[in-house]
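Read through the structure below, which is laid out as structure tokens, and then see the notes.
Labels below follow one simple rule: chain letters A, B, ... track the order of the sequence lines, proteins then strands, and each chain is numbered from 1.
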Amino acid sequence: MKMSKMFVQTLRETPADAEVVSHQLLIRAGYIRMLTSGIYSYLPLMFRVFKKVENIVRDEMDKSGAQELLMPILQPKEVWEESGRWEAYGKELMRLKDRHDREMALGPTHEEIITLLAKNQISSYKQLPINLYQVQSKFRDERRPRFGLLRGREFIMKDAYSFDVDEEGLDKAYNVMAQAYEKIFIRCGLDTKMVRSDSGAIGGDVSHEYMVLTETDCGENDVVFCVECDYAGNTNRAESILPKCKTDGEFKESNIVDTPNVKSIEELTKFFNIEPSAICKSLVYIVDKKIVVALIRGDLTIEETKLKNFIDGNEIRIATDEEIKELMEKSNLTAEAGFIGPKGIKAQVIADESVKGLKNFVVGVNQNDKHLAGANWGVDLDLPKSVADIRLAQRDELCIKCNAKLDITRGIEVGNIFKLGTKYSAKMNAKFTDEKGGEKPYIMGCYGIGISRTAAAAIEKYHDKDGIKWPMSIAPYHVIVVPVNVQDEQQWAVANELYDQLKQQNIEAVLDDREYRAGVKFKDADLIGFPVRITVGKTIKEGDVEVKVRMSGEQIKISKDEAVKHVVNIINSELEKS
RNA sequence: CGGGAUGUAGCGCAGCUUGGUAGCGCACCUCACUUGGGAUGAGGGGGUCGCAGGUUCGAAUCCUGUCAUCCCGACCA
């Protein structure tokens, strides 16, 4: 490919509305252009990267025994009503009408379609197990698309669906996918963590996400992981060993104490001269319009998703002062936030496990400007019936698996695997005949990889101030040959010669034949992220060219006759790693 | 959906307060000069100032509405 003919326009300035690095670089380096919010054209460089990722995905999927197919993007309402998701998927489902006013959806995922297909095609256990996948554009009408390719409304995804006769078969299929995923991401040059996760809208029992851990802040969820073993989880699910109480309270007897305007944990610790861990903190939440009081030790934090899940709620938020006032009136009590406690309150009370061990502690008693000090469960008040882990796991707490320290990083979810069970097959009456002649619903699993998101995640992971540093396996091209001065006959001739030789060796090469100054061409090469650059400049008079590796920054001078061999070696050894 | 901000050339922005011929930098085209890290000079093309109303002799500028985009939050995965 000649650079002068390539459909690419690099920008010197960062577009004002691109927030995260991958978005900025993809625009600046000429990979994508936005059509409208969350929807992008993928220009030739981007397309090549997608093909690379897709082909790795295809290769591993095929090796795992899965078969590729392609299902419709445009889907009639009826199929979605069958699964109940026409309602349940909510506004995120991109909907439209055809000329007959028939309601349709653009597929955000394909459980319904594949289940319907299986229902009509698979009638015997002899046809099972089977795993079918496709690579395709998906549509999700995100409330707030952002971060470029990391959260678009249209994006490219690989989605696979497994069908088995029983749970055992599903477990097997699930593990096969887990292994394939591991290989896929390694081949893409990405370190991922397999993280236990919530199943969310897709549903099912067991699910894992594959997260690329990044230092950059791209708004994705925090991941808690163990520094020693392989334990990892989303913050909304991760557990940790309960940190020990520093000291119990040292009150001689329990007493209701006047605590005028002493509300926060910090104020209480000063007032009583105690550790935060000797306080029982009470927080008021609104879960699906109902009031819920959550208790936790003063030095710890509530994880709202855990609380929400424990009581099987959908929506959770902290109560406003007015809502607290209302609660108090209903309970015939008078207290503002800061003086709330479990005793005598007319609301569901959930205690975190951490409060169980509290002794001689301080707690609100639902009277303004008063706290109960030296309280003990069973003596001064009862431990609530509902005790659960609703605590946010924090950095430096200890791993439940191996007792080592936990750490927290930002992560980008690039893949996920779900055990669906019969969630869709049962609802859609999709059954097969088993060995004994009985009818059974398929046991299903589904497995997604965000192709476009994986590419963006690679950039979040591998970039510097000058641009992208693609891993060799997913770079749009392997090498760029840059003649410093195209008017210098010798430089021009050698550059062309090297370029031709590289192509003969099946190396994906670009020749920067543009009549620009060297600086411009170097800047573009770095920005676009060619893994290897061969510079043909003045040193060609001594027969030498320069080879620079983008990822490592390594740079050597080498005879032009050995350059191609050297570069082919670099490229192949990188590709072999994947 | 709540809060905030912005829409002027492909990109980044000024002009708006105080209405009077639409500007600058980058990019693009031509010529000269230059060629190892985003040179320089000269010339040139490109805009219904987001859209629709209104006020006015006259609107990018003032008013009303509307649409779009971005940020924070909520939501979702």
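- Per the geometry, CD belonging to Glu19(A) stands 14 Å off C1' belonging to rU6(B), to the nearest Å.
- Both Thr10(A) and Ser37(A) lie near RNA chain B, and the one whose nearest nucleotide falls closer to the 5' end is Thr10(A).
- Rounded to an integer number of Å, the gap from CG of Leu527(A) to P of rG37(B) is 18 Å.
- No contact: Ile318(A) has no heavy atom under 4.0 Å from any strand.
- Comparing the same atom, P, in rC13(B) and in rG58(B) gives a spacing of 34 Å after rounding to whole Å.
- In this structure, of rC28(B), rG73(B), rC76(B), it is rC28(B) that holds the atom nearest to the side chain of Tyr516(A).
- If you check every strand for non-hydrogen atoms under 4.0 Å, Asp488(A) touches nothing.
- Atom CD of Glu54(A) sits in a crowded spot, with more than 12 heavy atoms from other residues, nucleotides or ligands closer than 6.0 Å.
- If you take atom P in rG12(B) and the same atom in rG20(B), they sit 26 Å apart, rounded to whole Å.
- Looking at which nucleotide of RNA chain B each of Val536(A) and Lys91(A) is closest to, the 5′-most match is held by Lys91(A).
- Atom CD of Glu542(A) is surrounded by more than 12 heavy atoms from other residues, nucleotides or ligands within 6.0 Å.
- A straight line from CZ of Phe155(A) to P of rA77(B) spans 12 Å, rounded to a whole angstrom.
- Of all nucleotides present, none satisfies the Watson-Crick or G-U wobble test against rA60(B) with each distance under 3.5 Å.
- More than 12 heavy atoms of other shown residues, nucleotides or ligands fall within 6.0 angstrom of atom CD in Gln490(A).
- With hydrogens and angles ignored, a donor-acceptor pair under 3.5 angstrom links the side chain of Glu13(A) to the base of rG25(B).
- Remark: the separation of the C1' atoms in rC24(B) and rC49(B) is 15 Å, to the nearest Å.
- Rounded to whole Å, the P atom of rG7(B) lies 12 Å from the corresponding atom of rU61(B).
- Taking 4.5 Å as the limit, some side-chain heavy atom of Asp526(A) sits within range of a side-chain heavy atom of Arg550(A).
- Under a 3.5 Å cut-off, the side chain of Tyr181(A) and the backbone N or O of Tyr447(A) do form a donor-acceptor pair.
- Comparing rG50(B) with rA68(B), their P atoms are spaced 16 Å from each other, to the whole Å.
- With rG36(B), rA77(B), rC76(B) as the choices, the nucleotide that has an atom nearest any side-chain atom of Glu92(A) turns out to be rC76(B).
- Rounded to whole Å, the distance from CG on Asp17(A) to C1' on rC13(B) is 14 Å.
- Atom CG in Leu420(A) sits roughly 15 Å away from atom C1' in rA77(B) (whole-Å rounding).
- Side chain of Glu413(A), nearest nucleotide from rA77(B), rA39(B), rG36(B): rA77(B).
- Among rG38(B), rG12(B), rA77(B), the nucleotide with an atom closest to any side-chain atom of Ala16(A) is rG12(B).
- For Asn485(A), the listed nucleotide lying nearest its side chain is rU35(B); candidates were rG36(B), rC76(B), rU35(B).
- Between Phe50(A) and Tyr42(A), the ring planes are perpendicular. Angles over 60° get that label, and only those under 30° would be called parallel.
- For rG37(B), its base sits under 3.5 Å from the side chain of Arg533(A) at one donor and acceptor pair at least.
- A distance of about 36 Å separates the C1' atoms of rG45(B) and rC71(B), rounded to the whole Å.
- At a cut-off of 3.5 angstrom, counting only N and O atoms as typed in the model, there is no donor on one side facing an acceptor on the other between the side-chain of Asp466(A) and the base of rG37(B).
- Base pairing annotation: rG7(B) forms a Watson-Crick or G-U wobble pair with rC67(B), both donor-acceptor distances under 3.5 Å.
- Following rounding to the nearest Å, Lys548(A) (NZ) and rG36(B) (C1') show an atom-to-atom distance of 11 Å.
- Of the candidates rG73(B), rC11(B), rA77(B), the closest approach to any side-chain atom of Arg146(A) belongs to rG73(B).
- Taking the P atom of each, rA14(B) and rU55(B) are spaced 31 Å apart, rounded to whole Å.
- For rA77(B), the OP1/OP2 oxygens have no side-chain nitrogen or oxygen of Arg140(A) closer than 4.0 Å.
- Aromatic ring orientation, Phe530(A) versus Tyr477(A): tilted (interplanar angle from 30° to 60°).
- Spacing of P atoms, rG38(B) relative to rG23(B), comes out at 32 Å, to the nearest Å.
- Comparing atom distances between the Pro15(A) side chain and each of rG12(B), rA77(B), rA39(B) picks out rG12(B) as nearest.
- The side chain of Thr36(A) lies closest to rA68(B) when the candidates are rA68(B), rG36(B), rG38(B).
- As rounded to whole Å, 11 Å separates atom P of rA32(B) from atom CD of Glu515(A).
- Atom CD of Gln9(A) and atom C1' of rC26(B) are 10 Å apart (whole Å).
- At distances below 3.5 Å, at least one donor-acceptor pair connects side-chain atoms of Ser83(A) with backbone N or O atoms of Arg85(A).
- Pairing for rC24(B) goes to rG12(B), judged as Watson-Crick or G-U wobble with the two contacts each under 3.5 Å.
- In a base pair of the Watson-Crick type (N1 to N3 plus N6-O4 or O6-N4) or a G-U wobble (N1-O2 and O6-N3), with each distance short of 3.5 Å, rU55(B) is matched with no nucleotide.
- Nearest nucleotide to the Lys523(A) side chain, out of rG37(B), rC11(B), rA39(B): rG37(B).
- OP1 or OP2 of rC11(B) has not a single side-chain nitrogen or oxygen of Thr14(A) nearer than 4.0 Å.
- With rU35(B), rG37(B), rA27(B) as the choices, the nucleotide that has an atom nearest any side-chain atom of Asp526(A) turns out to be rG37(B).
- As judged by a 4.0 angstrom heavy-atom cut-off over every strand, Lys521(A) is placed among residues making no nucleic acid contact.
- With a cut-off of 3.5 Å on both pairing distances, the Watson-Crick or G-U wobble partner of rG73(B) is rC1(B).
- Below the 3.5 angstrom threshold, one finds a donor paired with an acceptor across the side chain of Arg28(A) and the base of rG38(B).
- Around CD of Glu554(A), the count of heavy atoms belonging to other residues, nucleotides or ligands within 6.0 Å does not exceed 12.
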